[in-house]
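For reference, the structure discussed in these notes is given below.
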Amino acid sequence: MESKIILQATLDEMDDLFNDTQGGFSIRYCERTALEGDNATFKVVVRHGDKIGYQDGKTFDCQSFIEKFDDKKLRAKNNEGEKNKISLLETDVNIAEQGFKGGLSPKVVEKVLKVYGTYHCKDEKYLKAVIDSEKGKSPPKKSKKLKEKNENEVALNFGR
């Protein structure tokens with residue numbers, strides 16, 4: 001649902017509202033109509049949830065706009081998701097991948113990342129995420145029978 005409203009705010013407040021994507025509203029269009037000192041008046045087209053209803057032609061200041069259009073539950077949910085999200089750096093993932101391809105264990109790869117990785121590697125959660133990432137998955141461990149078979153083949157090759 002979209003509403004065409006008049007918003008009275010400072011330029012900084014308007015910039016913050018325009019860039020806000022977490023609160024359940026989206027400012028689609030704004031046009032400054034008047035400027036008096038720090039305060040300005042804007043014609044705004046805002047997309048918002050249906051439960052608010054049409055607000056066409058109404059005038060809001062920054063605080064009343066937030067009270068009317070901001071969905072606190074949605075904002076809390078979006079902020080919680082951002083806190084738990086860990087973005088991995090490609091260089092760290094590449095180091096882990098090379099280590100696993102070279103046959104290193106996860107503990108050794110962790111130590112290598114602490115030395116040669118980025119400064120993020122000092123955080124234990126980050127290290128665990130890098131090691132557990134899809135690129136950083138260690139190859140499946142060989143079973144005892146397969147190890148014995150390989151050792152026997154190597155021993156047989158030396159005897160020939």
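- For the pair Thr33 and Ile6, the minimum side-chain heavy-atom distance is 4.5 Å or more.
- For Ser26, the side-chain hydrogen bond (donor to acceptor under 3.5 Å, both in side chains) criterion is met by Arg28, not counting sequence neighbours.
- Through direct or relayed side-chain contacts under 4.5 Å between Ile, Leu, Val, Met, Phe, Trp and Tyr, Tyr29 connects to Val45.
- By the 4.5 Å heavy-atom criterion applied to side chains, Leu89 and His120 are counted as neighbours.
- Interatomic distance, Tyr126 OH to Ile131 CD1, rounded to the nearest 0.5 Å: 11.0 Å.
- Between Val130 and Val109, the closest side-chain pair of non-hydrogen atoms is not below 4.5 Å.
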Review item, side-chain donor-acceptor pairs of residues 55-65, under 3.5 Å, at least two apart:
from, atom 1, to, atom 2, distance (Å)
Gln55, OE1, Lys58, NZ, 3.3
Gln55, NE2, Ile52, O, 3.1
Asp56, OD1, Lys4, N, 2.8
Asp61, OD1, Ser64, N, 2.9
Asp61, OD1, Ser64, OG, 2.5
Ser64, OG, Asp61, N, 3.0
Ser64, OG, Asp61, O, 3.1

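- Atom CG of Leu7 sits about 6.5 Å away from atom CD1 of Ile27, to the nearest 0.5 Å.
- Listed by first and then second residue, the salt bridge (Lys or Arg N to Asp or Glu O under 4.0 Å) pairs involving residues 13-26 are Asp20-Arg75 (not counting sequence neighbours).
- Between Phe25 and Leu17, the shortest heavy-atom contact is CE1-O, 3.8 Å.
- Across all non-hydrogen atoms, the minimal contact from His48 to Ser3 is NE2-OG, 2.7 Å.
- In this structure, Phe100 is a member of the same hydrophobic cluster as Val108, with clusters built from ILVMFWY side-chain heavy atoms closer than 4.5 Å.
- When the ring pair (Phe, Tyr, Trp, His ring centres under 6.0 Å) test is applied to Phe42, no partner is found at least two apart in sequence or on another chain.
- Scanning both residues, Ala40 and Leu35, for their nearest heavy atoms gives CB-CD1, 3.8 Å.
- Applying the side-chain hydrogen bond (donor to acceptor under 3.5 Å, both in side chains) test to Lys128 and every residue at least two apart in sequence or in another chain returns Asp132.
- Applying the salt bridge (Lys or Arg N to Asp or Glu O under 4.0 Å) test to residues at least two apart or on different chains, the pairs with a partner in residues 33-49 are Glu2-Arg47.
- Inter-residue side-chain proximity for Gln98 and Leu104 is flagged as unmet; no heavy-atom pair is nearer than 4.5 Å.
- Residues passing the side-chain hydrogen bond (donor to acceptor under 3.5 Å, both in side chains) test with Tyr54: none are found, sequence neighbours excluded.
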Side chain to side chain contact (heavy atoms under 4.5 Å, CB included) assessment of Asn39 paired with Leu11: CA-CA 7 Å; Asn39 294 326; Leu11 297 176; over 6 Å; no
All N/O donor-acceptor pairs, side-chain side in residues 110-119, below 3.5 Å, sequence neighbours left out:
from, atom 1, to, atom 2, distance (Å)
Lys114, NZ, Glu124, OE2, 3.4
Thr118, OG1, Asp92, OD1, 3.4
Thr118, OG1, Asp92, OD2, 2.7

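- Shown here for Cys30 and Met14, the closest heavy-atom pair between the two residues is CB-CE, 3.6 Å.
- With rounding to the nearest 0.5 angstrom, the CD atom of Glu90 is 10.0 Å from the CD atom of Glu97.
- In this view, Ser105 satisfies the side-chain hydrogen bond (donor to acceptor under 3.5 Å, both in side chains) rule with no residue, not counting sequence neighbours.
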